[in-house]
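One structure below.
In listed order, ligands and their atoms are each counted from 1.
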Amino acid sequence: MNHEDKLDRLAQVAVHVGLGLARGQELVMTSPLEAAPLARRITEHAYKAGASFVTTLFTDDESTLLRFRYAPDESFDCAPGWLYDGIAAAFRSGAARLAITGADPALLANEDPAKVGRANLATSKAYRPALELITRHEINWTIVACATAAWARRVFPDQPECAAIGRLWEAIFAASRCDQPDPVSAWRKHDAQLRERADRMNAKRYAALHFQAPGTDLTVGLADDHRWMGGGTRAGNGIDCIPNLPTEEIFTTPHKDRVEGTVRSTKPLSYQGALIENIAVRFEEGRVVQANASNGEATLQRMLDSDEGARRLGEVALVPHSSPIASSGLLFWNTLFDENAASHIALGQAYSTCIQNGDALTPEELSKRGANESLIHVDWMIGSKTMNIDGITSQGTAEPLMRNGDWI
Ligand code: ZN
Ligand code: ZN
């Protein structure tokens with residue numbers, strides 16, 4: 001099978017498995033300029049599936065850098081509110097959302113972290129109404145990846161650019177199951193397995209999880225009425241979608257006030273264009289009280305200062321070390337991939353869908369159950385082949401869940 005065939009399969013998987021796009025539904029897509037060939041194939045399959053209208057918003061890394069080079073200082077507190085309001089309006093009127101990821105993970109690494117932080121905060125505020133519809137799963141949405149030159153150079157620094165792009169594409173196709181004879185049915189099978197694992201955790205009703213690894217001794221209390229999820233989800237509009245392609249995780253909502261101990265990251269985090277490496281954090285009563293990083297610490301501190309909820313957890317996710325993405329041994333410098341190679345936690349906004357009946361609850365009711373609220377949601381990886389995880393019952397008994405990074 002040649003590259004074009006695999007690209008076509010990825011587009012089909014994105015439209016039919018990731019989005020579950022319905023006839024007559026509108027689609028709003030964001031895409032790096034370099035991903036135009038994939039965006040066009042997705043557009044083709046969306047219209048073949050009956051899309052009423054496909055709008056693609058292209059982003060360009062070079063133009064982003066020009067802003068940091070030449071825009072007036074005060075403009076870094078601005079964001080195009082009209083655009084984000086428009087996106088939110090499209091979602092409210094029934095549009096689906098697809099994001100193609102693939103931008104340079106270190107695009108803004110050499111820019112002033114204060115400017116990067118202000119720009120991100122302004123964007124987060126403007127995007128909030130649209131993002132809420134996504135985090136509440138009111139609409140069907142998904143994210144897929146496209147190999148770009150800058151990203152490929154980062155993953156395969158020793159290879160010529162052309163070879164690096166080729167290898168990154170192969171890794172994306174494998175992780176997205178597009179190298180298999182029937183990717184759509186392979187996804188259905190994988191989805192069923194993830195749901196079954198989530199069901200098993202739901203039956204246990206653990207009060208907390210205990211993570212142990214070198215540099216990590218962390219107890220994460222789970223939210224009252226928490227619900228484990230994995231694989232696909234039924235969106236509020238009644239459509240079944242798989243929000244991330246690839247996905248290997250089962251995840252739930254931690255209790256924002258019941259996280260204690262220390263934790264160390266096991267992979268670098270690419271946070272909106274800047275890299276943060278070797279994060280070490282200490283929690284007390286759910287709140288980050290100490291945070292260090294060997295690289296990008298200023299960016300980390302700014303992220304933690306985004307708002308009060310940025311210092312508390314909004315997600316905990318379990319991923320076995322034997323997942324296909326982990327087995328590839330690659331560091332992708334991209335959360336969509338790296339978070340599916342390792343167990344992880346996220347600072348910031350919780351998913352209300354991970355609370356029983358959560359979509360019907362008010363923000364106050366969600367907060368009472370322990371669900372965190374924030375402008376940010378940032379996943380970072382804590383799992384490794386040396387990690388042990390126990391489930392702690394409400395009686396305080398520890399039951400082994402993972403040993404040396406894998407389910408037992
Ligand atoms: Zn996750
Ligand atoms: Zn997350």
Side-chain angles (χ1 to χ4, degrees), residues 18 97 99 101 105 120 124 127-128 131-137 141-145 175 190-191 194-195 197-198 201 209 211 218 220 222-223 226-233 241-256 259 263 265-272 276 279 281 288 303-304 306 309-321 323-326 332-355 358 366 370-384 387 389 401-402 405 407:
R97 161 89 169 104
T101 174
N120 287 337
S124 296
Y127 191 39
R128 169 116 214 182
L131 189 64
E132 255 174 21
L133 298 168
I134 292 173
T135 57
R136 293 177 76 96
H137 289 281
W141 59 275
T142 197
I143 311 176
V144 293
H190 177 54
D191 183 31
L194 288 172
R195 285 170 192 246
R197 191 164 284 153
M201 289 293 280
L209 301 177
F211 296 84
L218 183 74
V220 177
L222 300 180
H226 70 270
R227 185 161 77 110
W228 286 91
M229 292 183 64
T233 182
C241 65
I242 298 185
N244 288 322
L245 296 176
T247 182
E248 303 287 339
E249 63 177 330
I250 62 162
F251 59 102
T252 194
T253 296
H255 195 293
K256 64 186 171 63
V259 184
V263 60
S265 67
T266 50
K267 285 171 185 282
L269 165 64
S270 165
Y271 176 61
Q272 299 187 323
I276 312 176
I279 302 170
V281 156
V288 172
M303 178 181 98
L304 290 169
S306 303
R311 287 183 179 265
R312 295 177 189 272
L313 292 188
E315 178 193 341
V316 59
L318 303 181
V319 180
H321 192 68
S323 88
I325 302 169
F332 285 90
W333 304 89
N334 178 304
T335 302
L336 178 63
F337 283 78
D338 290 326
E339 79 163 351
N340 282 303
S343 292
H344 56 271
I345 49 181
L347 290 164
Q349 181 68 35
Y351 287 110
S352 57
T353 40
C354 288
I355 301 280
L366 285 167
N372 193 34
E373 214 182 321
S374 173
L375 287 172
I376 67 161
H377 176 100
V378 183
D379 299 273
W380 47 286
M381 282 48 81
I382 62 169
S384 67
M387 177 160 269
I389 306 174
L401 291 176
M402 280 194 184
W407 293 105

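Restricting His344 to its N/O/S atoms, the shortest distance to the Zn ion (ligand 1) is reached by NE2. When distances from the Zn ion (ligand 1) to the N, O or S atoms of Glu249 are compared, OE1 comes out shortest. Of all N/O/S atoms in Glu315, OE2 sits nearest the Zn ion (ligand 1).
Remark: side-chain polar atoms of His226 are not paired, donor with acceptor, to backbone N or O of Thr253 under 3.5 angstrom. A donor-acceptor contact shorter than 3.5 Å is absent between the side chain of Arg97 and the backbone of Trp141.
Of the options Glu339, Glu249, Met402, a side chain to side chain contact (heavy atoms under 4.5 Å, CB included) to Val319 is made by Glu249 and by none of the others.
Put simply, NE2 on His321 and CH2 on Trp407 are 15.0 Å apart, with the number rounded to the nearest 0.5 Å.
Asp379 lies apart from the Zn ion (ligand 1) in this respect, since none of its N, O or S atoms is found at a distance under 2.8 Å.
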